[in-house]
Amino acid sequence: MANVIDVLKERGFIEQTTHDRELRECLDQGSVTCYIGFDPTAASLHIGSLVPIMSLAHMQRQGHRPIALIGGGTGMVGDPSGKSEMRQLLTLEALGKNAEGIKKQLSHFLDFKDGKALMLNNADWLTELKYIPFLRDIGRHFSINRMIKAESYKIRLDSEEGLTFIEFNYMVLQAYDFLELFQNYDCQIQMGGSDQWGNIVAGVELIRRVQQGAAFGITFPLITTSGGEKMGKTAKGAVWLDAAKTSPYDYYQYWINTDDRDVARFLALFTFLPMDEIRQIKQLSGANLNTAKAILAFEATRLAHGNQAAVEAHQAAASMFGARQVPADILPASTLPRGNFGADDASVPTSSLDVQTLKAGIPAFKLFHQVGLANSGGAARRLIEQGGAYINGTRVESFDYQVSDTDLDDTQTILLRSGKKRFHKIEIKK
RNA sequence: GGUGGGGUUCCCGAGUGGUCAAAGGGAACAGACUGUAAAUCUGUCGGCGAAGCCUUCGGAGGUUCGAAUCCUCCCCCCACCA
């Protein structure tokens, strides 16, 4: 079996590692346990966490044992790494609730059956710590002189806001986590974003000092889009993995709007499609490249939301934007339906209107505002005045056009569209 | 605790009595061009069924015909000193 380092490296997951050679040897010798920490700052993970999640999944596929560590304890402290301001501290209850949601999502990507992957919460040991013994046993291994030179503190040390003592402790706690996992779960590798390098190295060194043990660190590059944006950030906020916060339809749409330049890179990072197929798509251009995006969107949606939801999102897209055949020779390993399938718009955002209201007629701008395609009546007026509003595919000519039951199409729905990409379906409530 | 500097519309940031719904930039949205991409050009970008009205410049009061701009008190942030 290939060394997982090669797999990860080939797919673009690795920024740097500690002890390169030893690490490889360690992984060649059999199943190794590795961990990544997840901050329970929200009840859902978002696309920004996908790189860590996928890397754990790759670990598992290569026969290693991943641990997802929920930062229930460290979440009460707040990691200052690379952050320009102090994070809001969360209560214990909020953190517990968030951990629940995260657990659910991770299980889509990792198999937790039979201890093949573990989910732990560092609150279990961190909240039990006694201050003085901790300082004496752990704190003594940390040099302030070194810590203040760490990149992770640099921004804050140089900033106007400064660094508080509680945040300064974060690195020590994270290092302690690693030691704890090393001692109790035989965990030898910690992975994380490149901003975690300092924290990870601190853990590696602590283990070497306290236990004379072999521990390693791997960091991921910060993935940005070619447009220079962070992954998963849109004007409306983060793209969540929770279907209740970001619908599978919107999730699919996020991926299909990927920049041309990012398609191959993202296929490697965010799908499990074989690399030799992914390399092929670098040759593609124009409309064919666009179909590769459909596959990226489909595969990514399938991983996060399951096959059914992915098929629906794909069909809805076909129904809204026009069905396009995906040639069989593009990324053949993908299970995306390539033949003719009924265009089905089931997963398009929908709301309902009762018959009376519709019969009476409702001004177009009000309707667009109501369903959320415009943020205010004024915005809706502007949208229409600028020719960006459509009903059933026809441009709305005046903002006070009365929408009524005569606008129902043969499926008894009205399809509203704002600009090129935003759709909303109206159904009739009888 | 002392001294000084700040808090402006989604973000950055101008504005120091009327010409301010508030310059400029970014983001965002729409149009054209396209491939649900990028780039570019154009337009829009507080709310309200137009004119006009209403709400906004950390908070509360006050001066004034008129305040983001002046005064008072309060809250918050930052720097230096302690």
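Below, chains carry the letters A, B, ... as their sequence lines are ordered, and counting in each starts from 1.
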S.K.: Looking across every strand, which nucleic acid part, if any, lies under 4.0 Å from A/Arg422 by heavy atom: base, sugar-phosphate, or nothing?
M.R.: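 Contact class for A/Arg422: none.
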S.K.: For B/rA23 and B/rG46, measure between their P atoms and round to the nearest Å.
M.R.: 9 Å
S.K.: Between A/Glu385 and A/Arg382, is the closest basic N to carboxylate O distance under 4.0 Å?
M.R.: no
S.K.: Would you mind reading off the distance between A/Arg395 atom CZ and B/rA30 atom P, rounded to a whole angstrom?
M.R.: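 From A/Arg395 CZ to B/rA30 P: 12 Å.
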S.K.: Contact class for A/Asn257 (heavy atom, under 4.0 Å): base, sugar-phosphate, or nothing?
M.R.: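 Answer is base: heavy atoms of A/Asn257 come under 4.0 Å of a base.
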S.K.: Could you tell me which nucleotide pairs with B/rU9 by Watson-Crick or G-U wobble geometry, both distances under 3.5 Å, or answer none if nothing does?
M.R.: none
S.K.: Under 3.5 Å, is there a donor on one side chain and an acceptor on the other for A/Lys293 and A/Asn257?
M.R.: no
S.K.: Does B/rG47 have OP1 or OP2 under 4.0 Å away from a side-chain N or O of A/Arg382?
M.R.: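 Yes, such a contact exists.
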S.K.: Can you tell me, in whole Å, how much space there is between the P of B/rG59 and that of B/rC10?
M.R.: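 After rounding to an integer number of Å, I get 13 Å for this pair.
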S.K.: Starting at atom CD1 of A/Ile384, determine the distance to atom P of B/rG31, rounded to an integer number of angstrom.
M.R.: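 Taking atom P of B/rG31 as the reference, CD1 of A/Ile384 is at 12 Å.
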S.K.: Within the 4.0 Å heavy-atom criterion, would you say A/Thr258 contacts the bases, only the backbone, or no part of the nucleic acid?
M.R.: sugar-phosphate
S.K.: Could you tell me how far B/rU8 sits from B/rA38 if I compare only their C1' atoms? Round to whole Å.
M.R.: 35 Å
S.K.: Whole Å only: how far is the CG atom of A/Leu367 from the C1' atom of B/rG49?
M.R.: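 From A/Leu367 CG to B/rG49 C1': 16 Å.
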S.K.: Could you state the atom-to-atom distance from NZ of A/Lys366 to P of B/rC48 in whole Å?
M.R.: 10 Å
S.K.: Is any side-chain N or O of A/Gln386 under 3.5 Å from a base N or O of B/rG31, one able to act as donor and the other as acceptor?
M.R.: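 It does not, because no donor-acceptor pair links the side chain of A/Gln386 to the base of B/rG31 below 3.5 Å.
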S.K.: Is there a side-chain contact between A/Ser376 and the phosphate of B/rG47, meaning an N or O under 4.0 Å from OP1 or OP2?
M.R.: yes
S.K.: Can you tell which of A/Tyr249, A/Phe368, A/Phe321 makes a ring pair (Phe, Tyr, Trp, His ring centres under 6.0 Å) with A/Phe423?
M.R.: A/Phe321
S.K.: Do any side-chain nitrogens or oxygens of A/Lys421 fall under 4.0 Å of OP1 or OP2 in B/rA37?
M.R.: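 Yes, because at least one side-chain N or O of A/Lys421 sits under 4.0 Å from OP1 or OP2 of B/rA37.
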S.K.: Any luck finding a side-chain donor-acceptor pair between A/His424 and A/Thr350 under 3.5 Å?
M.R.: no
S.K.: Grab the NZ-P distance between A/Lys420 and B/rA30 for me, whole Å please.
M.R.: 8 Å
S.K.: Roughly how many Å apart are B/rC77 and B/rC70, using the C1' atom of each and rounding to a whole number?
M.R.: 24 Å
S.K.: Rounded to the nearest Å, what distance is computed from the CZ atom of residue A/Phe423 to the C1' atom of nucleotide B/rC29?
M.R.: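 Interatomic distance, CZ of A/Phe423 to C1' of B/rC29: 16 Å.
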S.K.: Salt bridge or not between A/Arg265 and A/Asp262? Use side-chain N to carboxylate O under 4.0 Å.
M.R.: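 Between A/Asp262 and A/Arg265 there is a salt bridge, with a charged N closer than 4.0 Å to a carboxylate O.
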S.K.: Need one value for A/Tyr254: base, sugar-phosphate or nothing, where a base atom within 4.0 Å counts as base even if backbone is also close, heavy atoms only.
M.R.: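 No contact at all - A/Tyr254 keeps every heavy atom at 4.0 Å or more from the nucleic acid.
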S.K.: Using heavy-atom distances to pick each residue's nearest nucleotide on RNA chain B, tell me which of A/Ser418 and A/Leu289 is more 5'.
M.R.: A/Ser418
S.K.: Quick one: which of B/rG49, B/rA30, B/rG35 gets closest to the side chain of A/Asp260?
M.R.: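 Looking only at heavy atoms from C-beta outward on A/Asp260, the closest nucleotide is B/rG35.
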S.K.: Is there a Watson-Crick or G-U wobble partner for B/rA23 with both distances under 3.5 Å, and which nucleotide is it?
M.R.: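 Its partner: none found.
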S.K.: Go ahead and name the base partner of B/rA30; Watson-Crick or wobble counts if both distances stay under 3.5 Å, otherwise write none.
M.R.: B/rU42
S.K.: Could you check which nucleotide pairs with B/rC73 in any of the strands shown, counting Watson-Crick or G-U wobble with both distances under 3.5 Å?
M.R.: B/rG59
S.K.: Do A/Thr219 and A/Gln196 have side-chain atoms, one donor and one acceptor, less than 3.5 Å apart?
M.R.: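 On atom types as modelled, these side chains do not qualify, holding no pair under 3.5 Å.
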S.K.: What nucleotide among B/rA37, B/rU36, B/rG31 has an atom nearest to a side-chain atom of A/Asp259?
M.R.: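 The answer is B/rA37, which lies nearest to the side chain.
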S.K.: Could you walk me through whether A/Thr411 and A/Asp409 pass the side chain to side chain donor-acceptor pair (under 3.5 Å) check?
M.R.: CA-CA 5 Å; A/Thr411 61; A/Asp409 67 8; 2.8 Å; yes
S.K.: Got a donor-acceptor pair under 3.5 Å from the side chain of A/Asn288 to the base of B/rG35?
M.R.: no
S.K.: With sugar-phosphate meaning primed atoms plus P, OP1 and OP2, does A/Ile256 contact a base, only sugar-phosphate, or nothing at under 4.0 Å between heavy atoms?
M.R.: base
S.K.: Looking only at side-chain atoms of A/His369, point me to the closest of B/rC48, B/rA38, B/rU36.
M.R.: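 Looking only at heavy atoms from C-beta outward on A/His369, the closest nucleotide is B/rC48.
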S.K.: Pick base, sugar-phosphate or nothing for A/Ala389, based on heavy-atom distances below 4.0 Å to the nucleic acid.
M.R.: nothing
S.K.: Run the side chain to side chain donor-acceptor pair (under 3.5 Å) check on A/Thr394 and A/Asn392 step by step: do they pass?
M.R.: CA-CA 6 Å; A/Thr394 311; A/Asn392 295 328; over 6 Å; no
S.K.: Which nucleotide, B/rC33, B/rG49, B/rA38, lies nearest any side-chain atom of A/Arg261?
M.R.: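 Nearest to the side chain of A/Arg261 among the choices is B/rA38.
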S.K.: Using the C1' atom in both, what is the distance from B/rA21 to B/rU9, to the nearest Å?
M.R.: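 These two C1' atoms come out 8 Å apart once rounded.
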S.K.: Which is more 5' along RNA chain B, the nucleotide nearest A/Phe365 or the one nearest A/Gln253? Just name the residue.
M.R.: A/Gln253
S.K.: Can you tell me how far P of B/rG31 sits from CD of A/Glu397, to the nearest Å?
M.R.: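 A/Glu397 atom CD is separated from B/rG31 atom P by 13 Å.
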S.K.: What's the closest nucleotide to the A/Arg381 side chain, out of B/rG31, B/rA50, B/rU36?
M.R.: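 That would be B/rA50.
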S.K.: Taking only the C1' atom of each, what is the distance from B/rG24 to B/rG15 in whole angstrom?
M.R.: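 Those two atoms are separated by 11 Å.
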S.K.: Let's see if you can work this out: which of B/rG35, B/rG49, B/rU36 has an atom nearest to the side-chain heavy atoms of A/Lys293?
M.R.: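 For the A/Lys293 side chain, the nearest candidate turns out to be B/rG35.
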S.K.: Distance between the C1' atoms of B/rG49 and B/rG6, in whole angstroms?
M.R.: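 Comparing C1' positions in B/rG49 and B/rG6 gives a spacing of 42 Å.
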S.K.: Expressed in angstrom and rounded to an integer, what is the separation of A/Asn375 atom CG from B/rG46 atom P?
M.R.: 12 Å
S.K.: If you measure from the C1' atom in B/rA22 to the same atom in B/rC12, how many Å do you get, rounded?
M.R.: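 Taking atom C1' in both B/rA22 and B/rC12, they lie 16 Å apart.
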S.K.: Look through every strand shown and name the nucleotide pairing with B/rA79 as Watson-Crick or G-U wobble, where both distances are under 3.5 Å.
M.R.: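 Base partner found: B/rU3.
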